[in-house]
Every structure is written in C-alpha cells, then in structure tokens.
Amino acid sequence: MKLWQKTGSKIHPAVNKYIISKNLEADNALLPYDIQGSIAQANMLERIGILMPQERDDLIQGLNEILKAHKKGEFLIDQENEDVHTAIENYLVEKYGNTGKKIHTGRSRNDQVLTAQRLQSKDKIKETIEAAKKIAQTILKFSQAHEFVPMPGYTHTQIAMPSSVGQWSSSFVESLINDIHALEGVHKIIDQNPLGTAAGFGSMIPIDRNFTTKELEFSQIQINPIYAQNSRGKLEAFVLAGLMQVMLTLGKIAHDLVWFSSTEIKFFDINPALMTGSSIMPQKKNLDIMEVLRANVHVVQAHMFQVQSVGMNLISGYNKDLKIIKKPVLESFQITLDSLAITQILFENMQPNKERLLDSFDDSIFATDASHNLVLSGMSFRDAYQQIGENLDQVKAVDPLENIKSKTHIGSTGNLGLEKLQERLESVS
Ligand code: ARG
C-alpha cells in the first residue's frame, strides 16, 4: 500500500505501470543509503523524546534486518510499494505496529530521497576519485618506463614534431589530476544534509538537524528547505559534470589508442587477450574496448543533458519529474567506474613498439627544430622559418632521442616534468 493511499481508495494499474515500474532498480540501489538515513532519523527521534529507547532499538533492528535481506537479494520493492521509502516503512509498520508508524515523524519522502541520493553520490564520488588516482599512478609508471621512447607528436592528425611516449602518456596523468580536483569540488558541494527539510518547508516537530548531520557524516547542513528541494537535479548536474570530465579524459585516450593501434600505425603492442576479432575476417584484431569507451562518453554526456534539462523549468519545490534522474546518475557512475577499470587494464597490458614509432619519423619532423637552431645562431625566428620552409628537402634528421632530451618543457632541458606530476598526484588527498 502507498503511504499516501487512503483506506479503501483504488489506484488504476496503468498508473503503477507508467510511473513506478521503471524506477525500481534505481530505488533498490538506494536502499542501503535510505537505511543509513532512517537509522539516523530513529536515533534523532529518540533523542528528542518522540521514540522511547526500546522503540528506537526495535526500529534499528528492523532496519538492519532489511539491509541484510537486501544484501541477499531477498528484500524486493514491488509496484505496490511504490518506492524504497515506502517498502521500508511498510516493513517496519508490519513488524512493529505503532512504533513503525513513528519513523516518518518530521520527515517527508522528499527530504528522505534527497538524503539517500546525497549519501549514495558521496560514496560513489569517493570510489571514482580512488579509481582515478589508481589509473593516474599506473599511467605515470608507464610514462616513467618509456619516458624518452621517441614518438611523433601530431597536430591536425598530421605528424608535427618529435615527442615521446612519456610525454604523450603523462598528458593524461595531468588531465586526471584536474578531473580529481573537479570531483573533490563536487564532493564538497554535495556534502550537505537535507534531512529534516521535510516536504520543502520544514515541520512543527522540534527535530535536531545538527544531530543527523553529524550522524550521517555530512560536513554541513543544507539550510533553506525550498533550496533543498530545488537542489535535486541541480546537485546531480554537478555530479554528472564531474563524471563527464573523467570521461572526456578517458575518451581522449580511447581516440588516440584506436588510431595508434590501426594496422598502418601500430605504435603499441597490446596483449591479444584485450583484442577482439571478426566473425568473417580471420586476421582481424580490434580494440573494441576503446571504441565502446569512446561511445560511452556520449552516453554519459546524454545523461548529463537529461539531468540538467529535467531539472530546469520546474517551479520551486518538489516535482515528480525529478524522480527519473536517479537512473542516469547511477548509470553514469557505473560507466565511469567501468571505463576507468578497463583503461587501467589496458595500460598494464600495453608496450610501445619502438620500431614502428621510429619508422614514423621522417626528416621533415625536425623542421621546426631546424629553424630554432638557426635562431640559436642569431637569426630572427621569422627569417629562420622562411629559410627552412623554402628548403624543406634539406632538413636533416638528427638523433630523435637527443632531440627530445634537448627540449625545454618545464624550465629546464630534458625534463618532461614526471617528478612534478608524481608530487602533484601524491598531494591529491
Ligand atoms: N520516490 C519519490 C521520488 O523519487 C520520493 C518522493 C516522493 N514525494 C512525493 N511528493 N510524491 O521522488
């Protein structure tokens, strides 16, 4: 029975089918966080004298039972129960009668769902940060191992100047460090407790919001109850924007590696166990994992648009529209975590193919360096550029290794800045 259903009233089955059935999976994933919120609520209600200590203990025991059953896949939320909050309250009422009926004192499902989603997102952001740190460390190790292995640098998808495997791969380490900072910022924003704002206008019950804030380990209270409601969708948009940044970094890796592992280029030898084949062409070895990742960037982007767009143009306060954004948020976390994990595995199973990399160097790749050499012997840069441009056939190849090491990058020659990146990565909390 729905929490709002009046005795004897009936709900048309089409209503259940249209608005409830689609979201049960996302509600199921919220369950552990709703239990956490409800335990804090029970403790707070006892503290302010609404529950007797024994009643609180009973409710907490019931909530823990639900959690246990959920972990075994035995606590199912059905359409009759509408959502996770209803399923939990109905269980408590069925088991503890009048005591169960007290758990909802001073709260609404509106702040309840906000609290559960906030706790879930905080958890998952932390997990994403950990996974991003781990892959950044793996890529940095890869960069250190192949720091000065020559590799062409590209502009306009055309060979431009000498670069190295270390320089290419460590670009993603710096990118990930920025993404981690963005996620930390998102974590800071969402780390506010909405519990107790009720339907969006507070309540007459003298609840202790500071207590639940501490219990639930939020770093601050969400102050304005109307904003608490309006922040649904808005804070999720921050979350999606943070995840999107991670996906953009991984997507760039995917673009590069699909291109670099093409038959013509093959700059990297990749463990065949990570490649897939064709049902008709026996020779094919494809890097499907990076193609799927590339596509997944668009899926997360679509989710981000969905979340931003459902949340806009709604009047202040709770609107049921917001219910549908649980799924894209959850899916985006899963896609991002899976994408970090597969990219991590790829870097652990990939080696530069030094021969192919060197083969790609022709004399013209040194043209810019040739003009800079003229500058070093006193010519103006524009004259040097013209002179080399008119005599490209005379540009001579030099030792690529020496060339790469002679470049200035972070203020001193031959320094790709890997130690600095290591320091930065270690300083990410
Ligand atoms: N399951 C609901 C949701 O996700 C909980 C809030 C219900 N509130 C309401 N006013 N109907 O939005």
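The first residue of the sequence shown is numbered 1, and numbering continues consecutively from there. Counting starts at 1 for both ligands and their atoms, in listed order.
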Novice: Tell me, please, which residues at least two apart from Lys95 pass salt bridge (Lys or Arg N to Asp or Glu O under 4.0 Å).
Specialist: Glu65
Novice: Nearest non-hydrogen atom to atom 4 (O) of ligand 1 belongs to which of Lys326, Glu82, Gln112, His85?
Specialist: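 Of the listed residues, Lys326 has the closest heavy atom.
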Novice: Looking at CZ of Arg47 and CD1 of Ile207, how far apart are the two atoms once the value is rounded to the nearest 0.5 Å?
Specialist: 13.0 Å
Novice: Would you confirm whether Asn81, through its side chain, and Asp83, through its main-chain N or O, come within 3.5 Å as a donor-acceptor pair?
Specialist: no
Novice: Out of all atoms in ligand 1, which are within 4.0 Å of some heavy atom of Val113? Include the element for each.
Specialist: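 Those atoms are 4 (O).
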Novice: List every atom of ligand 1 that sits less than 4.0 Å from any heavy atom of Asp83, numbering the atoms from 1 in the order shown and giving each element.
Specialist: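 This gives 1 (N), 2 (C), 5 (C) as the contact atoms.
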Novice: Would you say Tyr318 has any N or O atom under 3.5 Å from an N or O of ligand 1, going by distance alone?
Specialist: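 N/O-N/O distance below 3.5 Å exists for this pair.
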Novice: Check ligand 1 against Lys320 and write out every atom of the ligand that is under 4.0 Å from a heavy-atom position of the residue.
Specialist: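 Listed by number with element, the hits are 11 (N).
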Novice: Taking Lys102 first and then Glu55, would you say they form a salt bridge - that is, a charged N and a carboxylate O separated by under 4.0 Å?
Specialist: yes
Novice: Decide whether a cation-pi geometry holds between Lys405 and Phe148; the criteria are a distance under 6.0 Å from NZ or CZ to the six-membered ring centre and an angle within 45° of the ring axis.
Specialist: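 Yes; both conditions hold, so Lys405 lies above the ring face of Phe148.
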Novice: Please state which part of Arg232 comes within less than 4.0 Å of ligand 1, counting heavy atoms only: side chain, backbone, both or neither.
Specialist: side chain
Novice: Which atoms of ligand 1 have any heavy atom of Arg109 under 4.0 Å away?
Specialist: 5 (C), 6 (C), 7 (C), 9 (C), 11 (N)
Novice: Which pairs count as side-chain hydrogen bond (donor to acceptor under 3.5 Å, both in side chains) when at least one residue sits in residues 229-241, sequence neighbours excluded?
Specialist: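 Every side-chain hydrogen bond (donor to acceptor under 3.5 Å, both in side chains) pair that includes a residue of residues 229-241, provided the two are not neighbours, is Gln117-Arg232, Arg118-Ser231, Gln222-Ser231, Asn230-Ser316.
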